Amino acid sequence: MSEVRTRIAPSPTGDPHVGTAYIALFNLCFARQHNGKFILRIEDTDQVRSSKKSEDDILKALSWLGLIWDEGPDKGGDFGPYRQSERSDIYAEHVRRLVKEGHAFHCFCSEERLTELRKQQMIDKKPLGYDGHCLLLSEGEIAENLNKNIPHVIRMKIPSEGCCIVKDMLRDDVSIEWQQVDMQVLMKSDGLPTYHLANVVDDHLMQITHVIRGEEWINSAPKHLLLYQYFGWEAPVLCHMPLLRNADKSKLSKRKNPTSIGYYQRMGYLPEALCNYLGMMGWSMPDEQEMFSLEDMIKHFDINRVSLGGPVFDTEKLDWLNGRYLREILSDDEFTQRFSQWAFQPEMLQAIVPLIKQRVERFTDIAPLASFFFSGMPTIDLQSFEHKTLSQDDSKRVLQFIAWRIEELEAWHRDRIEQTLMQLADSLGFKIRDFLFPVFIAIAGSSVSTSVIDSIAVLGLDMTRARLRHAIEILGGVSKKQLKNLEKEYSALVHQSEQS
RNA sequence: GUCCCCUUCGUCUAGAGGCCUAGGACACCUGGUUUUCAUCCAGGCAACAGGGGUUCGAAACCCCUAGGGGACGCCA
C-alpha cells in the first residue's frame with residue numbers, strides 16, 4: 001500500500017480555531033502512526049474573507065501546539081503550491097475538463113432567481129437546491145451569453161436518481177439520495193473554485209490517502225465522491241469526526257465560547273495540556289490514561305477508538321489537566337522559563353507600556369495597574385457596577401450590544417474599536433463617559449484604569465468577549481426573553497445606523 | 001421544510017452479548033494532612049433516553065419513538 005498522507009486544510013478567515021487544532025491533531029496522529037505524512041494546505045479561495053494575517057496566525061498557533069506538518073506553504077514539499085490561491089490554473093484546467101466531458105455546465109442564473117427558487121422550494125417542502133434551469137441552454141445560447149460577458153458559474157451535474165453510498169471509517173455506510181444533492185457550484189463567477197472542487201483536486205494531486213474531517217462534511221461527501229468518479233480518480237478513505245460542542249451541545253462557536261487558540265494561550269494554558277485535552281475529546285487511550293503527551297498519543301493511536309457523540313468543550317477538565325502539567329511535569333527551572341516566556345512577550349509588553357507609562361511613578365505601580373492584562377476574568381461583583389445614572393440593566397444591555405458589535409469587526413484595530421463604541425454609545429443615547437463605565441468594570445475590573453479602548457485592542461477579540469460575557473453573568477445574565485428583546489432592539493439599531 | 005448523523009453519571013469517557021450490582025476522571029459534597037489556603041490522601045453523590053424485539057443471557061445486535069446535533073451558500 002502507498003504511503004499514508006493526511007492533511008489539515010484551514011481557511012484563513014479569522015482567528016485560529018480550536019476545532020482546526022482538534023482535527024489537525026487526529027490527522028497528525030493517524031499519519032504518524034502509519035509512518036505517513038501530514039500536510040498543511042491553506043484553503044484561501046474566498047478572496048473576500050481570507051487574509052495573510054489569519055494564515056500566519058494559524059501557522060503560528062498550530063506550531064505552538066506542536067502540531068507540526070511535513071509539507072505546507074511555509075516549508076514547501078513535492079506537491080506544492082500549498083496555498084489554493086496559487087493554484088487557480090490547475091482548477092481552471094480541471095473545470096474545463098469536466099465541462100468538456102459533460103459533467104459540468106455553465107450557469108447564468110442571477111442571485112435573485114436563486115433566492116426566489118429557494119423560497120419557493122421551502123414553501124413546496126422540497127429539498128433546497130438548483131433546479132437545472134441552465135442545463136436546458138443550447139450550445140448557441142451558452143456561447144452567446146459568454147460572448148456578452150454575462151457573469152456565470154460552473155455547476156456540476158448530479159445523477160437524477162439512485163443514491164450515493166458514503167463509506168466512513170467510523171460508522172456504517174451512509175446512503176444519500178442523489179435527489180438530495182445540489183448541483184454544486186464548482187467555479188465561482190470570479191473564476192476561483194469553491195471548496196468542493198479545490199478540495200477534491202488538491203487531495204488527489206497531493207496524494208492524500210485519508211481525509212479526516214469534521215462531521216459537518218458528511219452531507220457533501222457525495223459531491224466529492226462524484227467528482228472523483230468524474231475525474232476517474234480513486235477517492236481517499238473518508239473519516240468524519242464528531243464536532244466539538246458548546247455547553248448547550250450546539251456546534252462550538254465563538255458566540256458562545258472562546259474558540260481561538262490564542263485565547264487559551266493568553267489564559268495561561270500550556271500547549272501540551274491543550275493538545276492533551278483535545279486528544280481526549282472523542283478519544284481515549286487504550287488504558288484510559290488521561291494524561292498523555294503527543295508522542296504517547298501517536299504511539300497508541302487507534303482511530304477506531306473515536307467515539308461518535310459530540311464532546312462538549314468544557315474547560316473545567318482542561319483547568320485540572322493544565323494544573324497537573326504545571327505542577328507535576330515542569331521542573332522549577334522549566335516553570336520559570338515557561339512563565340517568563342508567557343508573561344514577558346515583547347509584543348504584548350510593547351503594546352501595554354504606552355498605556356501605563358504616563359500613569360506610573362515607580363515600577364511598583366505597574367502590577368496593580370496592568371495586572372488585568374495578565375489575568376483571566378477580573379474579580380468583580382454586582383456592587384462593582386453601581387453607578388449614579390446607569391442602572392444594572394443598562395450596563396447589561398451596553399455590554400451585550402458591544403459583544404455583538406465587536407464580533408462583526410472585520411479587522412481588530414484600535415481606531416475601528418473606538419469608532420464602533422462611539423457609534424454605539426451615540427445611537428443608544430448614552431454619554432460616552434457613562435457608556436464606558438461598565439466596559440471598564442468588565443474589561444479591567446475597575447473604572448480607574450488605562451484607556452479601555454486600547455485595553456480591548458491589546459486583549460483581543462476572544463478575551464474581550466469572554467470578559468464581557470463574564471460581566472453579563474455577574475449582572476444576572478440574560479434570560480431567553482430578555483435576549484430576544486435585546487436582539488430585536490439591536491437589529492433595529494444596526495438597521496438604523498446603516499441607513500444614516 | 002428536506003435529508004443525514006448521534007444518544008452511558010452535570011461534563012470527558014470505559015464498555016466488541018455473560019467479567020456490569022455499569023468502571024475511571026473532572027466538577028460537587030464529606031473527612032484527613034497542612035499555621036491558613038491550595039496541593040495531596042481517603043470516602044461519597046451521580047448515568048445505560050423510552051418502548052418493543054432477537055437471545056438461556058442485552059448498555060452492547062435489530063426495529064420504532066423521543067431528544068440532540070449537522071447540512072441544505074458564487075463560505076469553508
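Note: hydrogens, waters and symmetry copies are ignored here, and every other heavy atom, side chains too, is used. Predicted model only: the values in this text are computed from it and were never measured. Per chain, numbering begins at 1; letters A, B, ... match sequence-line order.
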Gap between atoms CD and P, on A/Q180 and B/G1 respectively (whole Å)
14 Å
Contact class for A/S284 (heavy atom, under 4.0 Å): base, sugar-phosphate, or nothing?
sugar-phosphate
What interatomic distance, in whole Å, is found between P of B/U55 and the corresponding atom of B/U13?
35 Å
Between the CG atom in A/L197 and the CD1 atom in A/I154, the distance rounded to the nearest 0.5 Å is 9.5 Å
Please tell me which of the listed nucleotides, B/C26, B/G1, B/C75, lies nearest to the side chain of A/E316?
B/C26
Counting side-chain heavy atoms from CB outward, which of B/C5, B/G1, B/U13 is closest to A/P311?
B/U13
Any chance the side chains of A/E71 and A/Y82 put a donor and an acceptor closer than 3.5 Å?
yes
Complementary nucleotide of B/U34, counting Watson-Crick and G-U pairs under 3.5 Å:
none
Taking B/A59 as the reference, what is the distance to B/G17 when you measure between their C1' atoms (whole Å, please)?
10 Å
Polar side-chain contact A/E288-B/G23 base: donor and acceptor under 3.5 Å:
yes
Do A/R5 and A/F38 form a cation-pi contact, if we require the NZ or CZ to be under 6.0 Å from the six-membered ring centre and within 45 degrees of the ring's axis?
no
About how many Å separate NZ of A/K223 and CG of A/N199, when rounded to the nearest 0.5 Å?
12.0 Å
Just to verify, which of A/H240, A/M241, A/R7 counts as forming a side-chain contact (heavy atoms from CB on, under 4.5 Å) with A/I212?
A/M241
Partner lookup for B/G18, please. Criteria are Watson-Crick or G-U wobble with both distances under 3.5 angstrom; report none if nothing qualifies.
B/C56
Provide the distance between the two C1' atoms, one in B/U39 and one in B/C20, to the nearest whole Å.
34 Å
From CD of A/E216 across to P of B/A76 the rounded distance in Å is 13 Å
Among the candidates B/C12, B/A71, B/C6, find the nucleotide nearest to the side-chain atoms of A/N219.
B/A71
Opposite nucleotide pairing with B/C29, Watson-Crick or G-U, both atom distances under 3.5 Å:
B/G43
From C-beta outward on A/K251, which listed nucleotide comes closest to its side chain: B/C3, B/G69, B/C12?
B/G69
Within the structure shown, what part of the strands sits under 4.0 Å from A/C109 by heavy-atom distance: base, sugar-phosphate, or nothing?
base
Distance between P atoms of B/C4 and B/C64 (Å, rounded):
12 Å
Rounded to whole Å, please give me the gap between CG in A/L308 and P in B/U8.
11 Å
Determine the Euclidean distance between corresponding C1' atoms of B/C19 and B/U54; express it in Å to zero decimal places.
23 Å
Under 4.0 Å, heavy atoms only, any strand: does A/M281 hit a base, just the sugar-phosphate, or nothing?
sugar-phosphate
Test item: A/D46 side-chain N/O and A/R49 main-chain N/O as donor-acceptor pair under 3.5 Å:
yes
With the side chain defined as heavy atoms from C-beta on, A/K249 is closest, among B/A76, B/G24, B/G69, to B/G69
A/R245, nearest nucleotide to its side chain (from B/A14, B/A76, B/G68):
B/G68
When you match A/E215 and A/S307 each to their closest nucleotide on RNA chain B, which lands nearer the 5' end?
A/E215
Closest of B/U13, B/A14, B/G10 to the A/R305 side chain is B/A14
Look at A/T45 and B/A76 and indicate whether a side-chain polar atom (N or O) is within less than 4.0 Å of OP1 or OP2.
yes
Euclidean distance, atom CG of residue A/L318 to atom P of B/C26 [Å, nearest integer]:
14 Å
Would you measure the distance from the P atom in B/U65 across to the matching atom in B/A27 and give it in whole Å?
41 Å
How long is the line joining CD of A/Q47 and P of B/A76, in whole Å?
11 Å
Taking OP1 and OP2 of B/C72, is either one under 4.0 Å from a side-chain nitrogen or oxygen of A/R118?
no
Nearest-angstrom distance, P atom, B/C61 to B/G15
13 Å
Within the 4.0 Å heavy-atom criterion, would you say A/I218 contacts the bases, only the backbone, or no part of the nucleic acid?
sugar-phosphate
Separation between the C1' atoms of B/A47 and B/U7, rounded to whole Å
12 Å
Rounding to a whole Å, what distance do you find between A/W283:CH2 and B/A25:P?
19 Å
Could you give the CD1-to-P distance, from A/I123 to B/U2, as a whole number of Å?
14 Å
Hey, which of these two, A/L114 or A/Y277, hits RNA chain B nearer its 5' end, going by closest nucleotide?
A/Y277
To the side chain of A/R155, which of B/G69, B/U13, B/C74 is closest?
B/C74
A/R97 side chain to A/F231 main-chain N or O, any donor-acceptor pair under 3.5 Å?
yes
Distance check, rounded to the nearest 0.5 Å: A/W342 atom CH2 versus A/Y269 atom OH?
11.5 Å
Would you indicate which nucleotide in B/C40, B/G23, B/C74 comes nearest to any side-chain atom of A/E328?
B/C40
Does A/K188 put a side-chain nitrogen or oxygen below 4.0 Å from OP1 or OP2 of B/A76?
yes
If you check every side-chain atom of A/D182, which of B/G73, B/C5, B/A25 has the closest atom?
B/G73
Indicate, yes or no, whether a donor-acceptor pair under 3.5 Å links the base of B/C75 to the side chain of A/R49.
yes
Tell me whether the OP1 or OP2 atom of B/A71 has a side-chain N or O from A/S220 closer than 4.0 Å.
no
So A/V153, base contact, sugar-phosphate only, or nothing? Heavy-atom distance under 4.0 Å.
base
Describe the nucleic acid contact of A/E43 in one word from base, sugar-phosphate, nothing, applying a heavy-atom distance below 4.0 Å.
sugar-phosphate
Identity of whatever pairs with B/A66 - Watson-Crick or G-U, under 3.5 angstrom:
B/U7
Need the pair for B/C75. Rule: Watson-Crick or G-U wobble, both distances under 3.5 Å, any strand; none if unpaired.
none
Separation of B/C4 P from A/I165 CD1 (nearest whole Å)
11 Å
Rounded to the nearest 0.5 Å, the OH atom of A/Y277 sits from the CE atom of A/M280 at a distance of 7.0 Å
Classify the nucleic acid contact of A/S175 as base, sugar-phosphate or nothing, counting any heavy atom under 4.0 Å across all strands shown.
sugar-phosphate
